[in-house]
Amino acid sequence: MSTAPSPQAASSTATPGAVPASPRPSVIQLAIKEKAALYAAYIPHFTEGGIFIPSTKDYKLGDDIYLLLSLPNEPQRYPVAGKVAWVTPARSSNNRTQGVGVHFPADEKSRLLKHKIEEILGAHLASERPTQTI
């Protein structure tokens, strides 16, 4: 997993009354190689689906994340322009992995990705095994 460097701080010589530019989204490549790891990371509770991304970077709710997601036994990488929906902080209870839950956007690509993930997971979706998600 890699993330893009954070954007540079805005210049202090901004024009009065100008709207500050919003920070560029983080770009993360996440390669999930095993079905068990996909099960642990997938968030079926979100209407359009979502994924847990392990990360030590400090994110806030609503932060934009551009994700390049690779699924088990799939050569294709799926681009997702998601938003942080929850944050699991360092040293959280139950030894949960630090990271963020990213909500997929409400678009056709996300619906197809959700369908693809659920197709891969199949009967595992009904499992009671613990996950990194909510």
* Asked: How many angstroms lie between CD1 in Ile32 and OG in Ser70, if you round to the nearest 0.5 Å?
  -> 9.0 Å
* Asked: Is there a side chain to side chain contact (heavy atoms under 4.5 Å, CB included) between Leu69 and Leu113 once you walk through the steps?
  -> CA-CA 10 Å; Leu69 178 64; Leu113 177 57; 4.1 Å; yes
* Is the shortest side-chain N to carboxylate O distance from Lys83 to Asp63 below 4.0 Å? -> no
* When you look at Leu38 and Glu34, which way does the side chain to side chain contact (heavy atoms under 4.5 Å, CB included) test go after all the steps? -> CA-CA 6 Å; Leu38 180 60; Glu34 299 171 353; over 6 Å; no
* **Closest approach of Phe46 to Ala85 (non-hydrogen atoms, all atoms of both residues)** => CZ-CB, 3.5 Å
* Asked: Within a strict 4.5 Å, meaning less than it, do heavy atoms of the Lys109 and Tyr78 side chains meet?
  -> no
* Asked: Taking the six-membered ring for Trp, are Trp86 and Phe52 parallel (under 30°), tilted (30 to 60°) or perpendicular (over 60°)?
  -> parallel
* Considering all heavy atoms of both residues, which atom of Ile28 and which atom of Ile65 are nearest to each other, and what is their separation? -> CD1-CG2, 3.9 Å
* **Rounded distance (nearest 0.5 Å) linking atom NE2 of His115 with atom CD1 of Ile117** => 11.5 Å
* Residue pair Thr97 / Pro54: nearest heavy atoms and the distance that separates them -> CG2-CB, 3.9 Å
* To do: Determine the minimum heavy-atom distance between Leu121 and Tyr39, stating which atoms define it.
  => CD2-N, 3.7 Å
* Structure fact -> Looking only at heavy atoms, the pair that brings Ser26 and Lys57 closest together is OG-NZ, 2.7 Å
* Should we say atom CG of Asp107 is surrounded by more than 12 heavy atoms from elsewhere, each under 6.0 Å from it? -> yes
* To do: First locate atom NE2 of His103, then atom OG1 of Thr47, and finally report the distance between them rounded to the nearest 0.5 Å.
  => 5.5 Å
* Calculate, to the nearest 0.5 Å, the distance between atoms OH and CD belonging to Tyr66 and Gln29 respectively. => 10.5 Å
* Is the closest basic N to carboxylate O distance between Glu48 and Lys114 below 4.0 Å? -> no
* Asked: Looking only at heavy atoms, which two atoms of Ser110 and Phe104 are closest? And how far apart?
  -> OG-CB, 3.7 Å
* Check whether Leu112 and Val80 end up in the same hydrophobic cluster, where Ile, Leu, Val, Met, Phe, Trp and Tyr are linked by side-chain heavy atoms less than 4.5 Å apart. => no
* Asked: Do you see a donor-acceptor pair shorter than 3.5 Å between the side chains of Arg91 and Gln98?
  -> no
